[in-house]
Amino acid sequence: MSADSPAIALSAGAVVADLEISGAWLVDPAIGREGPGDVIVRDGVVDQVIWLDPGEAGGARPDGVVVAPGLVDLHAHFREPGNEDAETIASGLAAAAHGGFTTVCLMPNTMPPLDEPGVVGRVVAAAAAAASPVGVRAFGCVSAGRAGEQLAALGELADAGVVGFSDDGSPTRSSTVFRSALAYAGAMGLPIVEHAEDLSMTEGAEANEGLVATILGLRGWPAAAEASAVARDLAILGEVVEDVPGARLHLTHLSTRPALDLVRRAKAAGLPVTCDVTPHHLAITDDWIAGARTWAWEPACARSAAPFDPSLRVNPPLRGRDDARACLEALLDGTVDAIATDHAPHTVVDKQVEFGLAANGISGIETALGIVLAAVEAGLLPLARAIEALTAGPARLLGDRLGRRIGLVEGEPADLVAFDRGDRWLVSDEALVSSGRNTPLLGRELPGRVLMTVANGRLAYLAGSRPAGAARRRRGSTSRQPVRAEVPPRRPQRARASAAFPRISAAFPRSQNLLGVELPPAASSGPPASRHRDGSTPGSAVMQPSALMQAWTGIRLRRPNRGHGCTRGLVGRSSSAIRPRLGAPHARRRAPSRA
Amino acid sequence: MTTPVSERQSPETPVDELIPSVDEAPGSRPVAWPHRHLLDVDALTIDEIETVMRTADAMRQVLARPIPKVPALRGRSVTILFYEASTRTRVSFEVGAKNLSADVVNIAAATSSVAKGESLVDTVRTIEALGADILVIRHPVSGAPYLAASVFGGSVVNGGDGWHAHPTQALLDLYTMRQRLPRGSVAGRKVVILGDVLHSRVARSNVWALTAAGADVWLCGPPTLLRGFDAWARAGAGGRRFTVTSSVVDALRDADVVMALRIQKERMTGGLLPSLREYATRYGLTRERLSLARPDAIVMHPGPMNEGVEIAPAVATGAQSVIADQVANGVAIRMALLYLLAGART
């Protein structure tokens, strides 16, 4: 590779040796605080979190670049083992990082399902092989084979590290098994995560029972089928908790007002129940099946798409506007504890078929943040609450089994996401990383481009890059090789690098051969000590930051012993040109809170 | 746009001045048909429905000839792909296409590669590769013709999809009503659709077509088979209202048209009805019930009938029945639609 075309390559999984984000809007739900500030990461550990006075904000705004703890997804389907065409753990983790998630909890309805510890071992091995810093947690099955008739190996699964139990994809069919599972898992301090659906009311259902289904002739999935299942679950929980105080129930992907009302009342009565909603049930309604394409909170308008788009088939189905409104209200009043993606990737074979034959599910882990931010943008949801429901909310359910502290916590491994609310991105086949392209949002712009995801002190995603291990295009694949970034301009466009935008500078250890250019021998001495918690080695996936990213975020790639070895021509300016800009604010204000 | 169909043109009007000679190839003279596909009735304006009716009049004149054949679609290939059993719809499309001199290919899903698991998308792409210009599709899943239309390069005609739509049936029903009602108009006429409305694509498409034409539409059946329709009635169909009731007496009183719908035996498993016998007793269209309607009311049925269940044999074959007319008009309507689609300018 000639010096004239210095390709840039970052290793996904590399320890973030030196990252400085200044002038961003920080949101830390762990301490209930948001405001302008800086975050400095050294050797994978949060070195400083500096909250600025509003007067010092220097252009940081809540609708600009936001830095938040890494997002936690309580509910994702990575189809490994059994259906790797739809998603592997590796491709799912890459997608999660693209979506800003640093921990994902996998649902156990794989083939075979996670109903005994051996399958958990396969998942753990696949996650390790993926070499992603994104944390993988798994739910085990409630019942053997998800058949709902006999308890799965709950204790052995707990020993294998599962974070709870769920027969998701269907409810726990037998009420007796459900009761036993609540008690058995409760004694181990683990929750039962229940998919609430009265199957006898939803056989063959294609869409929410309502006006759209009536007009389109689709078999209806009535709201009462969810409420009656929730009522069963709560009634049983109320009894079990008398005997087993540790019993906990989490209701996932609730979608209707009656069900949420039941949970609200149960919480008020002190039952140990929590619940989540999905981004799509907050924002997308069943009239999309008839061709509408406006968010649930926007005025209805004429059809703009062909009806019966199979990417809209999901279980529970997309509901009407009032139910979407109820999901939002429940999120605002605390009835809903978390937003979970229910990321459900499917292949074209399973999805590009007749609506009623299409597999249920939306590939959503990459669009979740954008949908939620659309609601924030519309003024319906405070940013802090949105972030809370994507981080601390789900973390509470996982407790110790999350394995990390939520928050921008000095001294802890860096686990954060930086996204730009002012930068919209187009959901497209090219932009998506997941193997599952089954999203009704293709062709739509979402707010909040993720700039960078750092998980457990390591780089998980950097804007403008694509992990080499990510899913390849199904059609029109141009290259199996990582596409090398264009040479950045020597004098990059600074139009967006004004004071209104935060500066992010990052550096990665030389030892990991992060740069695609040959460095002079003098520059390669002394690999830095890694303070990485699990001591793992960085992965080999190659990422390429775009020229744009460098141009306006000021991301710089440096050796940790900064001052020399800065890669010539990478950002078109020397490190010394940047240091004063970064250093000056540090000198002015101090006393970061050590949480 | 809002004038009812029937007031604009009676079926007896000479059509030659309205429609170019069907002996000409479509597209050789301007026919204002803006749709590439026919997937649902709700996509048609009242003027477009009127165009279909007038074109069907022309086709009836063709059918009245000693040799009912014109070269309008010569060289065009029509493929009829049915994933469900059918007699009248499939045969009337085939007869209609042949009367227009189209080349017709018939595919029954059971004897095609569909039985080997070929997907609808692949099947449609195959049919296109084999040279089809127009694809007529019937499918048990609602919305399937939209999927076919998304990958097919020619025109797709919905021959009935799931519970969703049966546009050619609705158009031939409207045509038959206009033919038989005084002054050739359904405007203000009470049209009762009686039976299993929930599972009926015929009912849904007729709601669109008949309300567009200004009819006073009533949907009647057991409450379990009307679920959701009351909400639709309140919301209206394109702003037009219709009435939903489970009272067969209220529905039939002074009706001008009574259309009975087939009760499918497989529906009895879902806990929707106690029994076919009970349905026949409470909702079957008997002579006694029909006497509630106007003396000159016409009786219709989209077929196939369960005689003795939703309709008494004496009513089905009685003087008021126009069921045979429906079948005959089905050929003219389907010829009209094939003709219009072949000349569509989109």
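Values below: every heavy atom of this structure, side chains too, minus hydrogens, waters and symmetry copies.
In this structure, B:Ser119 OG and A:Asp350 CG are separated by 11.0 Å, a value rounded to the nearest 0.5 Å. The OG1 atom of A:Thr214 sits 9.5 Å away from atom CH2 of B:Trp163, with the distance rounded to the nearest 0.5 Å. Here CG of A:Leu216 is found 8.5 Å from CG of B:Asp40. Values are rounded to the nearest 0.5 Å. In this structure, the separation between CG on B:Asp42 and CZ on A:Arg303 is 5.0 Å, given to the nearest 0.5 Å.
Around CZ of A:Arg321, the count of heavy atoms belonging to other residues, nucleotides or ligands within 6.0 Å exceeds 12.
Using a 4.5 Å cut-off between heavy atoms, B:Phe229 touches chain A through backbone and side chain atoms alike. Interface remark: A:Glu209 contributes side-chain atoms only to the contact with chain B (heavy atom separation under 4.5 Å). Residue B:Val151 touches chain A through its side chain alone, counting heavy-atom pairs closer than 4.5 Å. Interface remark: B:Arg201 contributes no atoms to any contact with chain A (heavy atom separation under 4.5 Å).
Counting heavy-atom pairs closer than 4.5 Å to chain B, the top-ranked of the candidates A:Val349, A:Val353, A:Ile215 is A:Ile215. For the set A:Pro307, A:Gly356, A:Ala306, the count of heavy-atom pairs under 4.5 angstrom toward chain B peaks at A:Pro307.
Annotation: side chain of B:Ser142 is in contact with side chain of A:Leu218 (closest heavy-atom distance under 4.5 Å). A 4.5 Å side-chain heavy-atom check between A:Glu206 and B:Val141 finds at least one atom pair inside the cut-off.
Residue B:Ala144 comes nearest to A:Glu354 through the heavy atom pair CB-CG, 3.6 Å, listed as atom of the first residue, atom of the second, then distance.
Relative ring orientation between B:His164 and A:Phe308 is described as perpendicular, the plane-to-plane angle rising above 60° on a 0-90° scale split at 30° and 60°.
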